[in-house]
Protein chains: 2
Amino acid sequence: MHDEQHKLDFESSLGPWLGKTTKIMDYYLHEALQKQGLDLTKEQMIVLKKLHDNDGLNQNELAFLTFRDKSSLARLLSKMERKDYILRKQSAEDKRNNEVFLTPEGREVFKRTKPVMKSLMRTMEKDITSEEKKRVIEILKRVQHNFTAETATL
Amino acid sequence: MHDEQHKLDFESSLGPWLGKTTKIMDYYLHEALQKQGLDLTKEQMIVLKKLHDNDGLNQNELAFLTFRDKSSLARLLSKMERKDYILRKQSAEDKRNNEVFLTPEGREVFKRTKPVMKSLMRTMEKDITSEEKKRVIEILKRVQHNFTAETATL
DNA sequence: TAACATTAGTTGCATGTGCAACTAATCAAT
DNA sequence: ATTGATTAGTTGCACATGCAACTAATGTTA
């Protein structure tokens with residue numbers, strides 16, 4: 001009885017459900033990328049996306065935008081540079097900064113990931129109305145805000 | 001115009017919102033555990049939870065329940081064994097199986113994580129009604145089902 | 001029973017992650 | 001201008017992850 005109650009507490013929390021759903025999504029996302037022969041991880045795809053939206057960002061900005069440690073981002077970029085998806089260019093104004101640019105190969109790969117993502121999103125949202133999506137996203141925004149507001153307090 | 005439309009497509013998808021929210025949650029979860037001096041990762045906590053619910057599971061079952069590769073789980077267990085949170089006991093009936101048990105230390109640590117999790121969940125769900133939570137969870141269940149049903153088809 | 005297949009677990013390899021310590025460049029202040 | 005603080009990026013370390021190849025034990029079948 002006691003145990004059941006406690007289990008229910010956990011199960012009725014958003015946290016575990018978010019975690020598990022994301023894990024499953026990541027798994028099928030990875031599978032979809034592999035299946036299309038795209039030599040790319042989810043994380044690298046996110047970086048490509050940010051550069052696609054705003055080419056020439058420096059590593060610091062990219063780390064912030066992708067919510068990553070700068071060291072983690074640096075290593076992501078190294079792998080992407082080896083694959084010729086991006087290139088680092090030291091800024092002339094401030095030699096500490098590396099501006100990061102998409103290469104034509106990077107653009108091409110990102111272009112090829114778009115339909116894969118579209119298809120994956122279609123699958124995952126199959127029976128979910130646009131009203132429901134909007135409501136979920138609105139709540140997720142509030143959750144994010146609750147965390148970031150919490151820190152501001154500390 | 002074109003770009004904006006495409007950007008909106010991405011932003012109105014559940015995927016990126018789930019991913020980002022989970023990333024933020026994991027970050028604060030990790031921070032909360034550290035702050036309480038709990039020598040434990042989120043992943044190790046999940047394993048403790050499953051063992052708390054069902055002690056003596058073997059590694060295969062644990063891997064399935066936690067949605068992990070068996071190799072990943074094996075390494076998690078090795079670290080948890082070093083910290084004396086769990087112990088492996090070779091099954092007498094089938095010597096291939098390792099039954100995994102919580103140690104008293106493991107039980108104690110899990111007990112101490114519970115209030116941390118409770119507090120974190122309270123923070124993240126601060127302004128979210130129980131009705132909203134239920135609706136979100138129901139939709140996440142459908143998302144999960146959409147993925148797993150998809151695979152069954154392949 | 002001997003040969004083959006399956007199963008549980010481990011290990012090598014490559015990926016991604018954050019923290020802390022480091023270098024190099026720039027900024028600030030005396 | 002020299003000294004000290006800050007900033008961008010890199011690297012060492014420890015952790016988590018999946019796949020593929022491996023071992024050991026069990027099951028199956030001829």
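Proteins get letters first, then strands, A, B, ... in listed order; numbering begins at 1 in each.
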Asks: Report the residues that fulfil side-chain contact (heavy atoms from CB on, under 4.5 Å) with A/I137, sequence neighbours left out, ordered by chain and then residue number.
Replies: A/K141, B/L14, B/W17
Asks: Among residues at least two apart in sequence or on other chains, which ones pass side chain to side chain donor-acceptor pair (under 3.5 Å) with A/R68?
Replies: none
Asks: Going by side-chain contact (heavy atoms from CB on, under 4.5 Å), name the residues that satisfy it together with A/K134, two or more places apart in sequence or in a different chain.
Replies: A/E131
Asks: Using the test side chain to side chain donor-acceptor pair (under 3.5 Å), find all partners of A/K89 that sit at least two apart in sequence or belong to another chain.
Replies: none
Asks: Quick check: does any side chain N or O of A/T21 sit under 3.5 Å from a backbone N or O of B/Q144, one acting as donor and the other as acceptor?
Replies: no
Asks: What is the nucleic acid contact for A/K95, judged by heavy atoms within less than 4.0 Å: base, sugar-phosphate only, or nothing?
Replies: sugar-phosphate
Asks: Please list, chain by chain and in numerical order, all residues satisfying side-chain contact (heavy atoms from CB on, under 4.5 Å) with B/L65, sequence neighbours excluded.
Replies: B/K50, B/L57
Asks: By a strict heavy-atom criterion of less than 4.0 Å, which residues belonging to residues 55-69 of chain A are in contact with DNA chain C?
Replies: A/F67, A/R68, A/D69
Asks: Rounded off to whole Å, could you give me the OH-to-C1' distance for the B/Y27 and C/dG16 pair?
Replies: 17 Å
Asks: Whole angstrom is fine here: how far is it from CD1 in A/I46 over to P in C/dT15?
Replies: 17 Å
Asks: Which pair of heavy atoms, one from A/L18 and one from B/T22, lies closest together, and at what distance?
Replies: O-OG1, 3.6 Å
Asks: Tell me which of A/A92 and A/K70 sits closer to the 5' end of DNA chain C, going by the nucleotide each one is nearest to.
Replies: A/K70
Asks: Quickly work out the B/E43 CD to C/dG18 P distance and round it to whole Å.
Replies: 12 Å
Asks: Apply side-chain contact (heavy atoms from CB on, under 4.5 Å) to B/D69 and list each qualifying residue two or more places apart in sequence or on a separate chain.
Replies: B/S71, B/S72
Asks: Among all residues two or more places apart in sequence or in another chain, which pass the side chain to side chain donor-acceptor pair (under 3.5 Å) test with B/D94?
Replies: B/R96
Asks: Can you sort out the partners of B/S119 under side chain to side chain donor-acceptor pair (under 3.5 Å), two or more places apart, ordered by chain and number?
Replies: none
Asks: With heavy atoms under 4.0 Å as the rule, sort A/E99 into base, sugar-phosphate or nothing.
Replies: nothing
Asks: Kindly state which residues belonging to residues 75-88 of chain B come within less than 4.0 angstrom of DNA chain D, counting heavy atoms of the residue only, listed by number.
Replies: B/R75, B/L76, B/K79
Asks: So which one's nearest nucleotide on DNA chain D is more toward 5', A/S71 or A/K23?
Replies: A/S71
Asks: Using the closest heavy atom to pick a nucleotide of DNA chain D for each, name whichever of B/S72 or B/R96 lands nearer the 5' end.
Replies: B/S72
Asks: Between P on C/dG18 and NZ on B/K42, what's the gap in Å once rounded to a whole number?
Replies: 13 Å
Asks: Using the salt bridge (Lys or Arg N to Asp or Glu O under 4.0 Å) criterion, which residues pair with A/R112? Sequence neighbours excluded.
Replies: none
Asks: Earliest and latest nucleotide of DNA chain D, 5' to 3', sitting under 4.0 Å from a non-hydrogen atom of chain B?
Replies: D/dC15 to D/dT26
